[in-house]
Amino acid sequence: MTDQVRRTMFAAFAPPVDSETVLVAILVAAVTVVHLLPDELPDSAGLPRRYLLSLTGGVSIVYAFVHLFPELDERRDALEGVSVLVWSLAAHHVYAIAFVGLALFYGLERLATVSRDREVDRRLEPLSEDPIFWVHVGSFAVYNAFIGYALVRGETGADNVALFGVAMALHLFGNDEAMEQHHRELYARFGKWILAGSVVVGAAAGALYAIGDVAFATLLALLTGGIVFNAIKDELPRTRESRFWPFAAGSVGYGVLLLIL
């Protein structure tokens with residue numbers, strides 16, 4: 001078999017991959033790996049975890065306000081006239097959906113906190129005896145899957161998909177910290193692998209299938225509300241433990257990038 005024939009066969013079965021596809025694959029991998037980082041990594045790298053959480057909080061919040069809310073504004077017409085139960089949605093209801101996302105994750109946080117406070121010394125029990133863990137992780141699995149989907153589809157409106165990917169990787173680092181505090185052994189054994197895998201599943205779904213505009217606008221609104229709540233709750237530690245300058249550096253630096261790009 002000649003070299004020319006080999007090259008022709010390879011081209012037929014392995015079409016060329018462009019740089020954007022490679023970039024998206026790298027970003028999906030980065031967002032996935034965030035959940036698998038060891039807890040001691042930031043401190044061993046010379047950056048205390050509380051500083052990193054404040055920095056990621058700044059990035060997440062500025063991304064939500066500077067990019068995601070304007071993106072929701074551009075997509076709100078997709079909901080016009082959509083019927084939900086007995087109501088017909090108006091364009092401005094996309095912000096109500098964002099609030100539902102915020103309220104939903106607030107409820108999940110309260111559920112996990114109350115459960116932990118009541119059973120602080122509980123040992124790892126059979127999985128069927130901890131439904132709160134599965135509800136909490138299941139909700140964040142959908143959250144992560146949509147992030148993976150949005151990365152692949154490139155429908156978040158970002159001029160540079162890398163900005164979305166980096167912002168989400170930093171945001172999920174904060175989420176991972178909170179989930180580990182709530183669920184400890186269960187999260188270490190199962191939760192982090194489920195959340196990491198859900199990003200890959202969402203990315204694979206995005207490569208194979210495109211959801212409609214209404215579904216995308218709805219999920220983006222829920223994600224935006226969830227980001228705002230989780231950033232304030234997890235990534236901005238209690239005032240005594242937080243660090244303003246890392247937060248300011250993250251928010252100002254990323255805000256400038258968003259405005260420039």
Side-chain angles (χ1 to χ4, degrees), residues 19-20 22-75 98 101-102 105 140 143-144 146-148 150-180 195 199 220-221 223-261:
S19 58
E20 183 177 352
V22 173
L23 174 61
V24 169
I26 292 172
L27 291 172
V28 169
V31 173
T32 301
V33 168
V34 161
H35 288 294
L36 308 179
L37 294 176
D39 294 340
E40 66 274 9
L41 180 62
D43 289 322
S44 65
L47 183 62
R49 207 169 185 86
R50 62 181 178 271
Y51 284 85
L52 186 58
L53 290 175
S54 292
L55 186 145
T56 59
V59 171
S60 298
I61 289 176
V62 77
Y63 190 82
F65 279 92
V66 174
H67 179 75
L68 290 181
F69 278 113
E71 176 65 13
L72 285 179
D73 193 60
E74 293 181 5
R75 290 182 174 273
L102 186 151
F105 283 98
F140 273 102
Y143 188 95
N144 283 19
F146 180 68
I147 290 174
L151 273 171
V152 170
R153 300 304 302 184
E155 295 181 7
T156 60
D159 294 327
N160 188 344
V161 70
L163 292 175
F164 177 73
V166 171
M168 293 301 99
L170 293 174
H171 174 65
L172 294 184
F173 177 82
N175 285 357
D176 184 79
E177 170 82 4
M179 293 289 285
E180 193 279 331
L195 296 189
V199 177
L220 184 63
L223 174 69
T224 302
I227 287 174
V228 171
F229 174 76
N230 288 309
I232 293 172
K233 170 187 66 70
D234 295 332
E235 298 158 2
L236 300 182
R238 288 174 296 179
T239 303
R240 198 185 317 181
E241 300 174 358
S242 63
R243 295 296 181 268
F244 174 75
W245 291 115
F247 168 74
S251 58
V252 172
Y254 220 72
V256 169
L257 278 177
L258 290 170
L259 292 174
I260 291 175
L261 299 177

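Side-chain atoms are counted along with the backbone in the values below, which use heavy atoms only and exclude waters and symmetry mates.
Atom CZ in Phe140 sits 5.0 Å away from atom CZ in Phe105 (nearest 0.5 Å). Atom CD1 of Ile147 is separated from atom CG of Leu223 by 5.0 Å, given to the nearest 0.5 angstrom. To the nearest 0.5 angstrom, Leu220 atom CG is 6.0 Å from Leu68 atom CG. Annotation: the span from Ile227 atom CD1 to Ile232 atom CD1 amounts to 12.0 Å, rounded to 0.5 Å.
The main-chain N or O of Leu163 is found under 3.5 Å from a side-chain atom of Tyr254 such that the two form a donor-acceptor pair.
For the pair Ser60 and Ala167, the tightest heavy-atom approach, listed with the atom from each and the gap, is OG-O, 4.2 Å. Nearest approach of Asn175 to Tyr143, heavy atoms of both residues: ND2-CE2, 3.5 Å. Nearest heavy-atom pair, Gly165 versus Leu27, reported as atom, atom and distance to 0.1 Å: CA-CD2, 4.3 Å. For the residue pair Ala64 and Pro70, the shortest heavy atom distance occurs at O-CD, 4.5 Å. Among all heavy-atom pairs drawn from Val24 and Val152, the shortest one is CG1-CA, 3.9 Å.
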- Would His67 and Phe164 satisfy side chain to side chain contact (heavy atoms under 4.5 Å, CB included), going step by step from the backbone distance to the final call? CA-CA 9 Å; His67 179 75; Phe164 177 73; 5.6 Å; no
- Is there a side chain to side chain contact (heavy atoms under 4.5 Å, CB included) between His171 and Val59 once you walk through the steps? CA-CA 8 Å; His171 174 65; Val59 171; over 6 Å; no
- Starting from the C-alpha separation in whole Å, work towards a yes-or-no answer on side chain to side chain contact (heavy atoms under 4.5 Å, CB included) for Leu55 and Phe173. CA-CA 11 Å; Leu55 186 145; Phe173 177 82; over 6 Å; no
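Within the 4.5 Å cutoff, side-chain heavy atoms of Asn144 are placed close to those of Leu172.
Residue Phe65 places its CZ atom among 12 or fewer non-hydrogen atoms of other residues, nucleotides or ligands, all under 6.0 Å distant.
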